[in-house]
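What follows is one structure encoded as C-alpha cells, with my remarks underneath.
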Amino acid sequence: MIHMIQKAKEQVQTLTDAAYQKTAEEGLLPAGVTAKATIEIPKDVANGDYTTTFCLAAAKAMRKNPREVAKLLTERMDLSDSYFTSVAIAGPGFLNFRLGDKWYKETLSVVETEGADYGKNDMLQGKKYMVEFVSANPTGPMHMGNARGGVLGDTLAQVLSWSGADVWREFYVNDAGNQIEKFAKSLEARYLQIIKGEDAVEFPEDGYHGDDIRELAQLFYEENGDKYLNCEEKERHDTLSSFGLNHNIPKMKTDLARYGIRYDRWFFESSLHESGFVADTVNKLTERGFTYEKDGALWLRTSQILAAQLRAAGKTQEDIDKLDLKDDVLRRANGFYTYFAADIAYHRNKFEVRGFDKVINIWGADHHGHVARLKGAMDALGLNGTEKLDIVLMQLVKLVRDGEVVRMSKRTGKAISLTDLLDEIPVDACRYFFNAKPETQMEFDLGLAVREDSENPVYYVQYAHARICTLLKNLAAEGHAVPKGSEVDLSVLTDDLEKALIKQIAAYCEEVRLAARDYDPSHINRYLIDLAAAFHKFYNACRIKGEEEKILSARLLLADCTRRVLENAMKLIGCSAPEKM
RNA sequence: GCCUCAGUAGCUCAGUUGGAUAGAGCAACCGCCUUCUAAGCGGUAGGUCGGGGGUUCGAACCCCUCCUGGGGUACCA
C-alpha cells in the first residue's frame with residue numbers, strides 16, 4: 001500500500017520545510033511562519049514534475065518578495081538521496097521539482113510487489129461502511145435508474161473497500177406497507193378478471209396497470225385455478241402478494257447478478273414491522289418528545305428538529321421561515337405506520353444494532369426531499385445522522401439512440417426494463433457507461449454503447465490491454481519473459497513518453513482515493529482512458545521487439561506494469577480486461 | 001414561491017478544492033501501416049468557462065446578483 005504520489009509530495013514538503021528552517025536559523029527570513037501552501041503536479045511538464053506554492057503563500061507574512069524567498073530556499077535545499085534531481089524558481093515564485101530515476105524505479109517496483117492489490121490505500125482503514133443501493137420497489141420490474149444505481153453502488157462499494165473500509169452491500173426490500181396493499185389489490189383484480197371476465201371486475205384506479213401484473217395473475221391462476229375465488233379477502237391478498245414477491249425478488253436478484261452485482265444482504269422491511277422494531281422506534285421518538293397527535297395520526301416534529309439544526313448552523317429565523325418546513329406522519333389515522341417510520345427504524349437498525357460507522361444510501365434525485373428529514377430523525381434518536389449518514393443523489397438517466405430520446409423497447413413496445421437493456425448492450429459497456437458522476441444527469445447512448453470501435457471508450461481501454469497481452473505473448477515466444485524489476489536497469493527509460501506512462505501508473509492510487517473521497521467512482525473511468533492513451537502513445541513511439549537487450553527488458557517491464565494496472569482498474573469497475581480482441 | 005443539481009469547444013464531459021498559455025474523447029480537416037494488434041498515433045481548426053459585479057499577487061473554481069434547464073416540494077413509497 002505504497003502511494004508514490006503521496007510520497008513525492010511529502011518529500012517536497014519536507015525539503016521545503018527543512019530549507020526554510022535553515023534560512024530562518026541564519027536569520028535571513030523571519031522564523032515561525034506557517035503558510036497554507038499546496039503541492040501539486042503542474043499541468044505542463046515544462047514547469048517540473050511537482051511544484052509548491054509555499055513561497056507565494058508565505059511571502060506576505062515574511063514581508064518579502066516571493067521570488068526572493070524562493071531564491072533563499074533553493075540555495076539551501078539539499079536534494080541528495082531525494083526523489084528529485086533539481087529544483088527551480090519559476091513564474092511569480094513557484095518552486096518546481098524535477099523527478100529522477102529513483103522515483104520512477106520505485107514506482108514500477110511497487111506495482112510489481114503489490115500485484116493484484118496495487119492501487120489500494122488506507123484512507124478508510126478500520127471503518128465499517130454500508131452502501132445501500134437500488135432498493136427498488138419489488139412490485140414491478142426495475143428501470144433505468146435502478147441500473148445506474150446498481151452499477152454506481154457496486155463500484156462505489158468497491159472503491160471504498162480499496163480505500164481500506166470494511167464494506168457491506170445491502171438491498172432494502174419494501175415488502176410491507178401501502179404499496180404492497182396496492183400490489184395485492186391489483187393482482188386480485190387481474191386474477192378475478194381471469195375467472196369472471198375482464199368486464200365483470202373493476203380495476204382499482206390507483207392500482208399498478210402494467211402488463212407484469214397481468215402476467216403474474218395468469219401464472220397464479222395456472223397454479224391455483226379458482227381456489228382463492230371465494231376465500232376471505234385478507235387471505236387472498238396475502239397469498240397473492242407473497243406469490244408476487246416470491247416471483248419478483250428472485251428476478252431482481254438474477255437481473256442484478258447479470259451486471260455482476262451481488263449483495264451481502266437483502267433486508268426485508270416486513271421484518272422490522274414483525275419484530276416490533278418500527279413501533280419501538282416510534283415510541284422512542286415519542287419518549288424523547290419529538291411527536292404529537294393530530295387528526296388521529298401520529299406526527300414527527302420534523303420542522304422543529306430541522307429548524308433547530310439550521311439555527312445551530314447559523315441561519316436566521318427569516319431564512320428558516322422561508323423554507324416552510326413541514327412535519328411528517330409516522331402512524332396514519334388508520335393505524336398503519338408510514339414508509340417514513342419504517343425507514344427511520346431501518347436506519348436506527350443500521351447504526352444502533354449493527355454499528356456501522358458510515359452509511360451511504362444511493363437514491364434517485366426524486367427522493368431529495370427525504371434527505372434532511374431522515375438525517376434529522378436520526379439526530380432526534382441521538383444517532384448522529386448528520387455525520388454518519390450520507391446520501392448520494394443520482395440524477396435521472398435519459399436513454400438516447402441516434403440523437404432521439406428512447407422511452408420504449410423496440411422489441412416489446414413497452415418501457416425498457418433492465419432485462420431488455422442487457423439483451424441489447426454488453427455488460428462491460430453498461431458497467432462503464434452507468435459508472436458516471438452521480439449528480440449529473442446522464443445520457444445513455446444505446447447506439448454508442450454497442451459500437452465496437454474507437455468511438456466507444458470501453459473498447460479503447462480494452463484494446464490497450466489486449467495489445468499488451470499479445471505483445472507479451474509474442475515476446476515470450478521469442479524467449480523474452482517479463483523480467484524482475486531487480487534485474488532491470490530502468491535508467492534507460494529516458495523518453496518523455498516513458499516517464500509520462502510511469503507517472504500515469506503512479507496516479508492510480510490517488511484516483512482510487514479521490515473516487516472514495518468524492519463518492520464518485522467515475523474517476524476510475526477517466527483514469528483508464530488516460531492510462532490507455534499514455535500507453536498507446538508510448539507504444540507508438542518506442543519499440544520493444546528488436547531493441548537491444550537492456551532497453552527491451554526495461555520497456556517490457558513497463559508494458560507489463562501497465563497491463564497490471566489496466567487489469568486492476570477494469571476489474572474495480574466491473575469490466576473485463578480481455579487478452580485479445 | 002422555496003429547496004436542490006447543473007450551465008466550460010459543434011456533441012459528451014475533465015479541470016487535482018484559488019495557480020502558470022482552460023484540457024481530453026467524439027465529430028471536421030490533413031498526415032502515419034513490407035517492422036510488437038491502425039479497435040492505434042501525430043497534426044490543424046474549434047472558447048466572452050451562462051451574464052454582470054466583488055474578494056487578491058492570481059478566479060472556470062470563493063462571495064453577491066441576475067438568466068436558462070433538470071428534479072423535488074403527499075396521512076405515496
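All values below were derived from every heavy atom in this structure, side-chain atoms included, with hydrogens, water molecules and symmetry-related copies excluded. The sequence lines fix the lettering, A, B, ..., with proteins before strands; numbering per chain opens at 1. As the structure is a prediction and not an experimental result, all values here were calculated from the model.
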Select base, sugar-phosphate, or nothing to describe what [X] touches, counting heavy atoms under 4.0 Å on all strands.
| X | answer |
| --- | --- |
| A:D295 | base |
| A:A333 | base |
| A:E40 | sugar-phosphate |
| A:N47 | base |

Would A:R98 and A:D49 count as a salt bridge (charged side-chain N to carboxylate O under 4.0 Å, His left out) here? Give the steps.
CA-CA 5 Å; A:R98 182 69 63 188; A:D49 296 314; 3.7 Å; yes

Ignoring hydrogens and angles, are the base of [N] and the side chain of [X] linked by a donor-acceptor pair under 3.5 Å?
| X | N | answer |
| --- | --- | --- |
| A:D530 | B:A14 | no |
| A:T51 | B:A20 | yes |
| A:H368 | B:C3 | yes |

Compare the minimum distances between each of [options] and the side chain of [X], then state the nucleotide with the smallest one.
| X | options | result |
| --- | --- | --- |
| A:Y539 | B:A77, B:U17, B:U37 | B:U37 |
| A:H523 | B:G15, B:U17, B:A77 | B:G15 |
| A:E269 | B:A77, B:C41, B:U16 | B:A77 |

Output yes if the stacking criterion (under 5.5 Å between centres, under 30° between planes) is met for A:Y463 over the base of B:G40, else no.
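Stacking between A:Y463 and B:G40: absent.
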
Is the shortest side-chain N/O distance from [X] to OP1 or OP2 of [N] below 4.0 Å?
| X | N | result |
| --- | --- | --- |
| A:K437 | B:A14 | yes |
| A:R526 | B:G25 | no |
| A:R467 | B:C41 | no |

Distance in angstrom units between A:F535 CZ and B:U37 P, rounded
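Spelled out: CZ on A:F535 to P on B:U37 is 10 Å.
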
Tell me, with the steps shown, if A:F267 and A:F171 meet ring pair (Phe, Tyr, Trp, His ring centres under 6.0 Å).
CA-CA 6 Å; A:F267 191 103; A:F171 190 116; over 10 Å; no

Is the A:Y50 ring parallel, tilted or perpendicular to the A:W103 ring (thresholds 30°, 60°)?
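Correct class here is perpendicular.
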
Nearest-Å distance once atom C1' is located in both B:G58 and B:C30
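It works out to 39 Å between them.
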
Side-chain donor or acceptor of A:T51 paired with backbone N/O of A:L95 under 3.5 Å:
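At least one qualifying donor-acceptor pair exists.
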
